[in-house]
Amino acid sequence: MPRIPDNYYVQWFFETESEPGIADNNYLGRNSVSNSDIWKGKLSANKGKLTISNIEQENIGTFICKVKNALNYQETRTFKLIKVDVSMKGDSPVTPGDTLSLSCKVEGQTQTQTYWIKPSGIETKTGEFNEKAESQHNGEWTCVVKEVRSFKFSVSVVDFSFESKHLYTSTNLPLTVSILITPNKFLKQILSKIKEIQWVFIPKKDGNKTVLLTLKNGPWAQKGPQKGLIFKNFTKEGNVSLYRNPAKEEDRGSYNCSITFTNGIVLTRTVFVEVLKIIPSPGKKLISGNHLNLSCSTGGTLDADIKVQWFPPKTSSQGKAKLSSDPLYTIPRVGTTDSGEWRCELQKNATTLTSAVIILEIGEHRKREQKSDMVMNLWPQSIKTET
């Protein structure tokens, strides 16, 4: 902006410096704006600032600002108002595999350079983008007009995801394996583009595949779920989940969810489920003095960055010493004070992933009572014989 002197006179012109201009104001209190057809009700001016509201095509062009004072100081600045077209062809959201077509251009100026910045931060070479839509295209794009300014533009591509690729639960807690179809606000339109949704389970123990659930569109028909899992209607919230309470050891493994779209594109996501359980050996009902092993197990080797934390009952003498962080906890001789709830937790970076509990019942050791047997000796009486 030009420097505005104390005793200022400011005039604004459009396209050329033809009098009377479109606005003028000065330090004496004058403040006038044009009420011609194309400017009526759209202009306001304050010193060197001109505000234009409700801009239309006829208001786009070159603006000239002339500033002077009583001592013949004069400065002229030129501003160019341009129209940037930021648009996407087709409906939102875009189905994966369909063409994502974006345009970022300055109307009427082919020489002005424009380009896009993707949600990933990668720049495109031009302002025209035409590629097959992928989940990585979902998010905020930036249309950049070089040496002028940038404009944000949101792109929605149909996707679905888990909260985490690894899910931890235990035989004391529920199992909920779910995916969320996004963007949720377009769920009705998205469902019309889906042909089939399917869950496949590969158990950790033997690797034998099982189709848990199949949903087919037109109208939606359901087959499953298998293995005693529960499934709820997903057409309102877009949450396709399998549920059981509590989880079982047999739930350990990978859960693969695939969505087949009407254009033939298939998206697949996988979540790995670990189910924690405390295994007591020889059992959870023992006599005082017995040896006991407690195993905090997921049925396999834990990752190196996952730690085990044991929590004995408050009455247990084991709580007075620092407990081992080993998945296998040994008590050489249990006592009655070890009765109660034992808990083990899986922790990663000080965050608890899941926990399992077991109730131990330790009885008192009783000595056998030695009972003396009463032995009765019967001696024969003498018999008198008469001769």
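All values below come from the heavy atoms of this structure, side chains included, with hydrogens, waters and symmetry mates left out. This one's a predicted model, so the numbers in the text were calculated from it and none came from an experiment.
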Please test Thr298 against Leu346 for side chain to side chain contact (heavy atoms under 4.5 Å, CB included), starting from the C-alpha separation and ending with a verdict.
CA-CA 10 Å; Thr298 60; Leu346 296 186; 3.9 Å; yes
Examine distances only and state if a side-chain atom of Thr210 and a backbone atom of Leu212 form a donor-acceptor pair shorter than 3.5 Å.
no
In Å, rounded to the nearest 0.5 Å, how long is the span from CG of Leu267 to SG of Cys257?
10.0 Å
Return yes if some donor-acceptor pair links the side-chain N/O of Asn31 with the main-chain N/O of Asn46 below 3.5 Å, else return no.
no
Measure across Ile60 and Lys83 and return the closest heavy-atom pair with its distance rounded to 0.1 Å.
CD1-CB, 3.4 Å
Ring centroid separation Phe63 to Phe13 under 6.0 Å:
no
Could you list the residues that satisfy disulfide bond (SG atoms under 2.5 Å apart) with Cys344, not counting sequence neighbours?
Cys296
What one should report as the nearest heavy-atom pair of Trp39 and Ile52 is CZ3-CG2, 4.2 Å
What distance separates Lys248 NZ from Leu175 CG, expressed to the nearest 0.5 Å?
11.0 Å
Please confirm whether Trp310 and Tyr329 have ring centers closer than 6.0 angstrom.
yes
Atom CD1 of Ile362 and atom OG1 of Thr337: how far apart are they, to the nearest 0.5 Å?
9.0 Å
Presence of salt bridge, Glu274 and Lys204, under 4.0 angstrom
yes
Check whether the side chains of Ser178 and Thr176 place a donor and an acceptor atom closer than 3.5 Å, and report yes or no.
no
Which pairs would a plain distance check flag for residues 149-162, meaning a side-chain donor or acceptor within less than 3.5 Å of a matching protein atom at least two apart in sequence or in another chain?
unit_1	atom_1	unit_2	atom_2	d
Lys152	NZ	Thr142	OG1	3.2
Asp159	OD1	Arg269	NH2	2.8

Value rounded to 0.5 Å, distance of CD in Gln198 from OG1 in Thr260
8.0 Å
State, yes or no, whether a side-chain contact exists between Lys118 and Trp141 at a heavy-atom distance under 4.5 Å.
yes
So for atom CG, which belongs to Asp37, do other residues, nucleotides or ligands contribute more than 12 heavy atoms lying within a distance under 6.0 Å?
no
Hydrogens and angles aside, do Glu17 and Gln11 bring a side-chain donor and acceptor to less than 3.5 Å of each other?
no
Without swapping roles, check the side chain of Asp305 against the backbone of Asn349 for a donor-acceptor pair under 3.5 Å.
no
Distance-minimising heavy-atom pair for Cys143 and Val86
SG-CG2, 3.7 Å
Could you tell me if the ring centre of Phe272 sits under 6.0 Å from that of Tyr255?
no
More than 12 foreign heavy atoms under 6.0 Å from NZ of Lys42: is that the case here?
yes
Donor-acceptor contact below 3.5 Å, side chain Asn59 vs main chain Ser53
no
Note: Trp342 and Ser316 closest approach over all heavy atoms is CZ2-OG, 3.9 Å
Parallel, tilted or perpendicular, judged at 30° and 60°: which one describes the rings of Tyr168 and His166?
parallel
Can you give me the closest heavy-atom contact between Pro280 and Ile358, atom names plus distance?
CG-CD1, 3.4 Å
List the steps and the verdict of side chain to side chain contact (heavy atoms under 4.5 Å, CB included) for Ile359 and Lys284.
CA-CA 7 Å; Ile359 306 296; Lys284 59 184 180 181; 5.8 Å; no
Does atom CD (Glu131) have a neighbourhood of more than 12 heavy atoms from anything else shown, all under 6.0 Å?
yes
Do you see a donor-acceptor pair shorter than 3.5 Å between the side chains of Ser101 and Thr99?
no
Leu213, Leu191: one ILVMFWY side-chain cluster at the under-4.5 Å cut-off?
yes
Whether the side chain of Thr126 engages the backbone of Glu128 through a donor-acceptor N/O pair (distance < 3.5 Å, no angle test) should be reported.
yes
Count I, L, V, M, F, W, Y as connected when their side-chain heavy atoms are under 4.5 Å apart, and connections chain through other members. Are Val266 and Ile190 then in the same cluster?
no
Quick one: does any side-chain atom of Asn217 pair with a main-chain N or O of Ile194 as donor and acceptor, under 3.5 Å?
yes
Mind checking the OG1-CG spacing from Thr315 to Asp338? Nearest 0.5 Å is all I need.
7.5 Å
Would Val200 end up clustered with Ile179 when hydrophobic side chains under 4.5 Å apart are linked, directly or stepwise?
no
Measuring from atom NZ of Lys348 to atom NZ of Lys307, what distance do you get when rounded to the nearest 0.5 angstrom?
11.5 Å
For Leu360 and Val334, what are the C-alpha separation, side-chain angles and deciding distance, and is it a side chain to side chain contact (heavy atoms under 4.5 Å, CB included)?
CA-CA 10 Å; Leu360 294 183; Val334 296; 5.8 Å; no
If hydrophobic clusters are built by linking Ile, Leu, Val, Met, Phe, Trp and Tyr wherever their side-chain heavy atoms come under 4.5 Å apart, do Phe129 and Val145 end up in the same one?
yes
Can you tell me if Asn25 uses its side chain to pair, donor with acceptor, with the backbone of Lys47 under 3.5 Å?
yes
Within the distance-only criterion (no hydrogens, no angle test), does the side chain of Arg252 pair as donor or acceptor with the backbone N or O of Val275 below 3.5 angstrom?
yes
Tightest non-hydrogen contact, residues Glu345 and Phe311, listed as CD-CE1, 3.6 Å
Under 3.5 Å, which donor-acceptor pairs link side chains of residues 223-234 to any protein atom two or more places apart or in another chain?
unit_1	atom_1	unit_2	atom_2	d
Asn233	OD1	Thr235	N	2.8
Asn233	OD1	Thr235	OG1	2.6

Got more than 12 heavy atoms from elsewhere within 6.0 Å of CD, Glu19?
yes
Would one find more than 12 heavy atoms of other residues, nucleotides or ligands at under 6.0 Å from atom NZ of Lys193?
yes
Hey, does Leu50 have a side-chain heavy atom less than 4.5 Å from the side chain of Ile22?
yes
How about Glu58: does its CD atom have over 12 heavy atoms from other parts shown lying under 6.0 Å from it?
yes
Is a side-chain N or O of Asp91 found less than 3.5 angstrom from the main chain of Val94, in a donor-acceptor match?
no
Please check if the side chain of Asn172 supplies one atom and the backbone of Val357 the other of a donor-acceptor pair under 3.5 Å.
yes
